[in-house]
Every structure is written in C-alpha cells, then in structure tokens.
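The structure's right below; bear with me while I get my questions together.
Residue numbering restarts at 1 for every chain, and letters A, B, ... go by the order of the sequence lines.
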Amino acid sequence: MSDYRRITIASAGQHTGEPVEIAGWLYNLRKSGKIIFPIIRDGSGTIQCVGVKAQLPEDVFEALKNLTQESSVIIRGKMRAEARAQGGYEMDIEGAEIVQRVSEEHPYPITPKEHGVEFLFDQRHLHLRSRRQHAILKIRHEIIKAVRDYFDSNGFTLVDCPIFTPAACEGTTTLFEVDYFEDEKVYLTQSGQLYNEATAAAFGKTYCFGPTFRAEKSKTRRHLTEFWMVEPEMAYADLEDVKRVAEELIVFMVGRVLENRKTELATLERDITKLEAIKSPFPRISYDEAVEILKRKGSEIEWGGDFGGTDETLLSEEFDRPVMVDRYPAAVKAFYFQPAPERPEVALGVDVLASEGYGEVIGGGQRVHDYDLLVQRIKDHNLPPEAFQWYLDLRRFGSVPHGGFGMGIERAVSWICGLEHIRETIAFPRMLYRTRP
RNA sequence: UCCUCAGUAGCUCAAUGGUAGAGCAUUCGGCUGUUAACCGAAGGGUUGUAGGUUCGAGUCCUACCUGAGGAGCCA
C-alpha cells in the first residue's frame, strides 16, 4: 500500500497518472451493475471515482458497491483528467479500504434531496459536510484571515479584550448575566471598544477580535445572540481616519475573497459582478442627506430617528457599493461619541451599510476625548460614574482624539456570500430559539 | 414582547369532513459512463399535545408546545 501517496482532492490535478490515495467520506454513489461511481469528499473538495468490476478484486468491488452515504473510506488508484467530470478530474479505483461503514439501521440523515431549515440545523454537526455549508465556512475563513492580514500589515497590534465584563455601557437589558463565584455578577461582553480605547493609548493602533454576546430578542435573518466582531481603535485619529480604514478594510477583504475563493463563490452561485463593484471610493453621505433620500423614497423616517431594517435596504439600493453614513443625531448614538464641533446635536459616528440591502456591517466613529464632556455624557445617560473611573482616566492622562469601529464578521460573510440568512455563516449558530447542537 | 404562517413515514410534501398516499432515504433484484442516475419490488404512521363540535376530524373550533417569516433593537 505504500506505493500510493496520500494526496488531497484539491491537488488532484497535480498528480495525474501517479498512484495516489485519497482519504475521505462517501458523498454519493451511483452504480450500474458492473461499474460504480463513488463521489468522495475529503474536506478539500469532492471527486468522482470510477470502479470497474472486471478490474477490481471481487470483495473490494462488492464492498464499495454496497457502501452507505458518509461512510469513511480510503480510495487508491490513479488520477486522470476527464472532461465529463465536475472539477475536470476523475480517479480510477485500484483498491479501497473501508474505515467505518455507516450502518443501514441508522443511515446518514441528510439525503441528497431537499430538507427543511429546522431539520438541517438540528443536524448542523452533519450539515457542515454539505457542499454549500463547506463553501460558506471556507469564505468565512478567508474573510477572517484577510481582516487580520489587513490590520497586521497596517501597524495594528492585536490586543484581545475580556469576555467577562462588569455592567457598563448601554444598559443591562441586552447583556447575558453570569454568576461569578459567591456574590458577584458579571456579563458577557457586548463590545471590546472601551477596553480598546485603553489599549490604543498604549499601542497607538490596536484591534480585538472575538465573540460578542447580545441578549436581544431579535428574531430576524440578521441576528445571532453570539457572533464575532473585529474592532480596531486608533489614537490620534478622527472620523475621517475611521472612514478611510473602514473602506480600505472592506475593499481588501472583498478582493481577497475574489482572488482566493472563486470556486466557493461559484458553488454558492454568487453574482461576482456585484462583488467586483466594491472598490474605492465608497459614497459618503450625511445622516441629513440619508433622511432626505429616504423621505423621497417613501419612508416615514423623521430627522432624529434611527434607521429601521427597511430604511437601510432602501438606502443601499441607491448605490452599487457600500455607503458610509455619518453624523447621526447624538441622541440615537451611545454616550461615548464625540459631538461635531460646529453642530453638537450630531455625533461623529459613521455606519457602513453594505450593498444589495444587507444593511449595517460596520458601526463606529470618533470618541469623546474631553474629560468634562465625557463626565457630562455619562450623567446625561444616567450611567453610574463610579463604573467608568478607569475609562475617565484615559481622558486624564494624555487624552488625544481617537476613534475606531466594529465589524460583525457574520454580517460581512452573509453579504459577501449573498446569503438569505445569517445562521449559515457560523458553524454552530446561537439564536433566540436555538442553542443546540 | 407583538403580528402572520406552518406542524402528516427518517426527510420533502399530497390527501372536498367519509378506507392516510407519493418521491427521496433504507432493504432485495436489474443495468459498463452515471451526474439529485434509472427500472422493478418490500418494510416503514398514536397526522405536535390536550380538550371540544360531529354519525364520522389529518381537515372545523379553543388552549398549549415547537418551528419559520416579519416588527422593534442592533453588528
């Protein structure tokens, strides 16, 4: 058996004519009396193999012919270019070793036919093996790698933030509470931003990347209760710097996916031209202009209100690439946003709305750097000042203008993949009514 | 939390208030180029739960459970 070199299916084209073996699982099997066509997947791809009865030992042929879906198997043989095959290559079987046969008493539940959402997500641990889910998670991986490469090569230092946090920003109604030993309660983080402001003053440019938890009873195709967010923060930066970095990041990320994940995008039947349009510069409009556009398009929005999901969709329809909306009314934004100097009723915040109606993927802006103003803001929002002493310290000891943003990874994946629902963008989604498997 | 819709075989779905069915999956048989292969046969059911209306309920009514879509809130 040592004559056969182990290869991945993805590299099949580099090994035509060589004796090789692939180790994987039976994805599907078509058979026709004296010839069988097992399709094998190994995590790197799928390939159709061909077994001819006359050219194989009787026991090997029979074992393969009666193999059940998702049984693990090692196939040995030779790779061959084949125009008729999907992917362009086919493997002629010379031998096989069945590692574990799925029993017919408990067959693999996910058949090649259609299934409902509830069933598939109950079987999520197996669902991940299917072509479509595999493609999505490969693209997710590519996006995360691109995000990290972007920040790492632009002078940012990764400094991760705590998951357990004391009750702090934006009230406790959307926080998951956790018992922390005897008498103390802590909460699962909603954002690393406040901590990022501390690390930015230590490192200049930082980012954190980790899970985030929101106990919102949101039941829509855009929400998870546990999701991953990347949050950069920069010292000596203003709103324009934040917008520039957000735009560069998105362009870089989309470019990487187009460059390295064409196959996966094709599996998802993604319209590539929509992604190719995502180039600098992005349109930039103010909140005031956004409200005008929305009113013209029939929305009932009034100045001072936040955008609803349909408003975001209406806005993004106006553009072929993401649109940056800045200078929101201060009242709808969090306490830490810096007010516009010439017009304090608006905050120096920016949201990036993805194209094709996917809504907000990035939210951020410039933070309050003045001590007295921040104290006032904390009071105005009825927050307990004692909880923010360390945060106020940052305005005592060398305060500088600074800012950053957060990007939800799953929303970015959903948008780039062109998905209907965010639940497919993470291996094991946590939603309002789903915590299993 | 609110609004709308849906729960029937392992899965996807049919079934005027009148004997619960098909395709896929599984098993058996056939087929040397199949592409969600195909052809023949078999097994597989407390119709989400609890009440009610009716001679008779998968079907009509009530409550509950589970799920889906949407709203609000957000990334």
- Query: Do Glu233(A) and Thr199(A) have side-chain atoms, one donor and one acceptor, less than 3.5 Å apart?
  - Reply: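 On atom types as modelled, these side chains do not qualify, holding no pair under 3.5 Å.
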- Query: Does the pair Phe388(A) and Phe335(A) meet the rule for a ring pair (Phe, Tyr, Trp, His ring centres under 6.0 Å), with working shown?
  - Reply: CA-CA 12 Å; Phe388(A) 292 94; Phe335(A) 73 95; 5.3 Å; yes
- Task: Please state how far atom CD1 in Ile47(A) lies from atom P in rU34(B), giving the value in whole angstrom units.
- Result: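 In whole Å, rU34(B) P and Ile47(A) CD1 are 18 Å from each other.
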- Which one is paired to rA36(B), where only Watson-Crick or G-U wobble pairs with both distances under 3.5 angstrom count?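 Paired with no nucleotide.
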- Message: Looking at every heavy atom in both Cys49(A) and Ile40(A), which two are closest together, and how far apart are they?
- Response: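 Shortest heavy-atom separation between Cys49(A) and Ile40(A) comes out as SG-CG1, 3.8 Å.
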- If we take the P atom in both rU47(B) and rA57(B), what is their distance in whole Å?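 About 12 Å, rounded to a whole number of Å.
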- Please measure how far the P atom in rC38(B) lies from the corresponding atom in rA25(B), and state the result in whole Å.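 It comes out at 7 Å once rounded to the nearest Å.
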- Item | Atom pair distance, as rounded to whole Å: CG in Leu29(A) and C1' in rC24(B) |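 Nearest whole value for this atom pair: 16 Å.
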- Message: Can you tell me whether the side chain of Arg30(A) and the base of rC31(B) have a donor-acceptor pair closer than 3.5 Å?
- Response: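 Side chain to base: no pair present.
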- Would you say the side-chain atoms of Glu94(A) and Tyr4(A) include a donor-acceptor pair closer than 3.5 Å?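 Yes.
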- Could you state the NE2-P distance from His127(A) to rU12(B), rounded to the nearest angstrom?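 His127(A) atom NE2 is separated from rU12(B) atom P by 12 Å.
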- Message: In whole Å, I'd like the distance from the CZ atom of Phe307(A) to the P atom of rA75(B).
- Response: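 It works out to 14 Å between those atoms.
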- Which part of the nucleic acid does Gly116(A) contact within heavy-atom distance under 4.0 Å: base, sugar-phosphate only, or nothing?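 Sugar-phosphate, no base atom in range.
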- Measure from CG on Asp122(A) to P on rG7(B) and round the result to the nearest Å.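 Computing the Asp122(A):CG to rG7(B):P distance gives 18 Å.
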- Message: Treating primed atoms plus P, OP1 and OP2 as sugar-phosphate and everything else as base, which nucleotides of nucleotides 41-49 of chain B get B, S or - for protein heavy atoms under 4.0 Å?
- Response: ---------
- If rA41(B) has a Watson-Crick or G-U wobble mate with both distances under 3.5 Å, name it; if not, just say none.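 For rA41(B), the partner nucleotide comes out as rU27(B), under the 3.5 Å rule.
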- Should the pair Tyr287(A) and Trp303(A) be assigned to parallel (<30°), tilted (30 to 60°) or perpendicular (>60°) ring geometry?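 Perpendicular: the ring planes of Tyr287(A) and Trp303(A) meet at over 60°.
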- Message: Check whether Asp42(A) reaches the backbone of Ile9(A) with its side chain - one donor and one acceptor, N or O, closer than 3.5 Å.
- Response: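 Pair found, side chain donor or acceptor close to backbone of Ile9(A).
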- Message: Could you tell me how far rG43(B) sits from rG48(B) if I compare only their P atoms? Round to whole Å.
- Response: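 24 Å, rounded to whole Å.
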- Message: If you go through the side-chain atoms of Glu90(A), does one of them form a donor-acceptor pair with the base of rG33(B) closer than 3.5 Å?
- Response: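 Per atom types, the contact qualifies.
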- Under 3.5 Å donor-acceptor pair, His223(A) side-chain atoms to rC74(B) base atoms: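 Per atom types, the contact qualifies.
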- Taking the same atom, P, in rC73(B) and in rA36(B), what whole-Å distance lies between them?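 45 Å, rounded to whole Å.
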- Which residues share a salt bridge (charged side-chain N to carboxylate O under 4.0 Å, His left out) with Glu420(A), sequence neighbours left out: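 Here the qualifying residues are Arg221(A).
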- Message: From CZ of Arg131(A) over to P of rU35(B), roughly how many Å is that when rounded to an integer?
- Response: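 Taking CZ of Arg131(A) and P of rU35(B), I get 15 Å after rounding.
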- Message: Ring-plane angle category for Phe156(A) and Tyr150(A), please: parallel below 30°, perpendicular beyond 60°, tilted otherwise.
- Response: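 If you compare the ring of Phe156(A) with that of Tyr150(A), the planes turn out tilted.
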- Task: Output all residues satisfying salt bridge (charged side-chain N to carboxylate O under 4.0 Å, His left out) with Asp306(A), sequence neighbours left out; order by chain, then residue number.
- Result: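 Asp306(A) satisfies salt bridge (charged side-chain N to carboxylate O under 4.0 Å, His left out) with no residue once adjacent residues are dropped.
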- In whole angstrom, give me the gap between the P atoms of rA6(B) and rG17(B).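 One P to the other, the span is 15 Å.
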- Query: How is Gln48(A) classified with respect to the nucleic acid when contacts are heavy atoms under 4.0 Å: base, sugar-phosphate, or nothing?
  - Reply: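 Gln48(A): base contact, heavy atoms under 4.0 Å.
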- Message: Checking base pairs now: Watson-Crick or wobble, both atom distances under 3.5 Å. What partners rU46(B)?
- Response: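 When the pairing criteria are applied, nothing turns out to pair with rU46(B), so the answer is none.
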- Message: If you compare every side-chain N and O of Asn28(A) against the phosphate oxygens of rA37(B) (OP1, OP2), does one of them come in below 4.0 Å?
- Response: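 Checking rA37(B) against Asn28(A), a side-chain N or O does come within under 4.0 Å of OP1 or OP2.
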- Task: Nearest-nucleotide wise, let me know which of Val52(A) and Ile409(A) is further upstream toward the 5' end of RNA chain B.
- Result: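 Final value for this comparison: Val52(A).
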- Distance between the P atoms of rA37(B) and rC24(B), in whole angstroms?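 Comparing P positions in rA37(B) and rC24(B) gives a spacing of 11 Å.
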- Base rC11(B) to side chain Thr111(A), donor-acceptor N/O within 3.5 Å cut-off: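 No, the side chain and the base share no sub-3.5 Å donor-acceptor pair.
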- Task: Classify the side-chain pair Ser103(A)/His106(A) by whether it contains a donor and acceptor separated by less than 3.5 Å.
- Result: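 Not at all, the side chains of Ser103(A) and His106(A) share no donor-acceptor pair under 3.5 Å.
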- Message: Over all strands shown, is Asp351(A) touching base, sugar-phosphate only, or nothing at heavy-atom distances under 4.0 angstrom?
- Response: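 No contact.
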- Query: Within this structure, what is the OH-to-C1' distance between Tyr358(A) and rA75(B), rounded to whole angstrom?
  - Reply: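 Those two atoms, OH and C1', are 16 Å apart.
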- Message: From the set rG70(B), rC74(B), rG33(B), return the single nucleotide nearest to any side-chain atom of Glu312(A).
- Response: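 The listed nucleotide nearest to Glu312(A)'s side chain is rC74(B).
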- Message: For the residue pair Arg84(A) / Gln48(A), report whether a side-chain donor-acceptor contact shorter than 3.5 Å exists.
- Response: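 No donor-acceptor contact under 3.5 Å links the two side chains.
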- RNA chain B: Ala54(A) or Lys31(A), which has the more 5' nearest nucleotide?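 Going by which nucleotide is closer to the 5' end, it is Ala54(A).
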- Could you check which of rU34(B), rA75(B), rU12(B) has an atom nearest any side-chain atom of His115(A)?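 Closest of the options to the side chain of His115(A): rU12(B).
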Are there any protein N/O atoms within less than 3.5 Å of an N/O atom in nucleotides 64-68 of chain B, and if so, which ones and at what distance?
residue: rG67(B); atom: OP1; partner: Tyr433(A); partner atom: O; Å: 3.1

- Task: Tell me whether the guanidinium CZ or amine NZ of Arg434(A) lies under 6.0 angstrom from the six-membered ring centre of Phe121(A) and within 45° of its axis.
- Result: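 No, Arg434(A) does not lie over the aromatic ring of Phe121(A).
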- Message: Strictly by salt bridge (Lys or Arg N to Asp or Glu O under 4.0 Å), give each pair with a member in residues 133-147 of chain A just once, sequence neighbours left out.
- Response: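 For residues 133-147 of chain A: Arg140(A)-Glu410(A), Glu142(A)-Arg261(A), Lys145(A)-Asp149(A).
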- Query: What nucleotide among rC11(B), rU32(B), rG70(B) has an atom nearest to a side-chain atom of Arg221(A)?
  - Reply: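 Looking only at side-chain atoms, Arg221(A) lies closest to rG70(B).
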- Task: Tell me the partner of rC2(B), counting only Watson-Crick (N1-N3 plus N6-O4 or O6-N4) or G-U wobble (N1-O2 and O6-N3) with both under 3.5 Å; none if nothing fits.
- Result: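 Pairing partner: rG70(B).
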- Which heavy-atom pair separates Met229(A) from Arg214(A) by the least distance, and what is that distance?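 Met229(A) and Arg214(A) have their closest heavy atoms at CE-NH2, 4.0 Å.
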- Message: Could you tell me how far apart Ile110(A) (CD1) and rA36(B) (C1') are, to the nearest whole angstrom?
- Response: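 Result: 15 Å.
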- Can a donor-acceptor pair be found between the side chains of Ser286(A) and Glu289(A) at a distance below 3.5 Å?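 Short answer, yes.
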- Message: Looking at rA75(B) and Phe227(A): do their rings stack (centroid distance under 5.5 Å, interplanar angle under 30°)?
- Response: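 Given the distance and angle limits, yes, they stack.
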- Item | Complementary nucleotide of rG7(B), counting Watson-Crick and G-U pairs under 3.5 Å |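 Pairing partner, where one exists within any strand: rC65(B).
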- Message: Applying the Watson-Crick and G-U wobble criteria at under 3.5 Å, what pairs with rU19(B)? Answer none if nothing qualifies.
- Response: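 Pairing partner, where one exists within any strand: none, as none qualifies.
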- Query: Has the side chain of Tyr27(A) got a donor or acceptor atom that lies under 3.5 Å from a matching backbone atom of Arg131(A)?
  - Reply: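 Side chain of Tyr27(A) to backbone of Arg131(A), a donor-acceptor pair under 3.5 Å: yes, one is there.
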- Query: If we call it a pair only when both distances are under 3.5 Å in a Watson-Crick or G-U wobble match, what pairs with rU59(B)?
  - Reply: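 By the stated definition (distances under 3.5 Å), nothing pairs with rU59(B).
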- Task: Could you check whether Phe119(A) gets within reach of a base, just the sugar-phosphate, or nothing at all, counting any heavy atom under 4.0 Å?
- Result: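 Contact class for Phe119(A): sugar-phosphate only.
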- Message: Say we look at rC5(B) and rA20(B): how far apart would their P atoms be, to the nearest angstrom?
- Response: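 One P to the other, the span is 29 Å.
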Could you go through nucleotides 26-29 of chain B and list every protein N or O atom that sits under 3.5 Å from one of its N or O atoms, giving the distance for each pair?
residue: rU27(B); atom: OP1; partner: Glu104(A); partner atom: OE1; Å: 2.7

- Query: rU46(B) and rU4(B): how far apart are their C1' atoms, nearest whole angstrom?
  - Reply: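 The same atom, C1', in both gives a distance of 30 Å.
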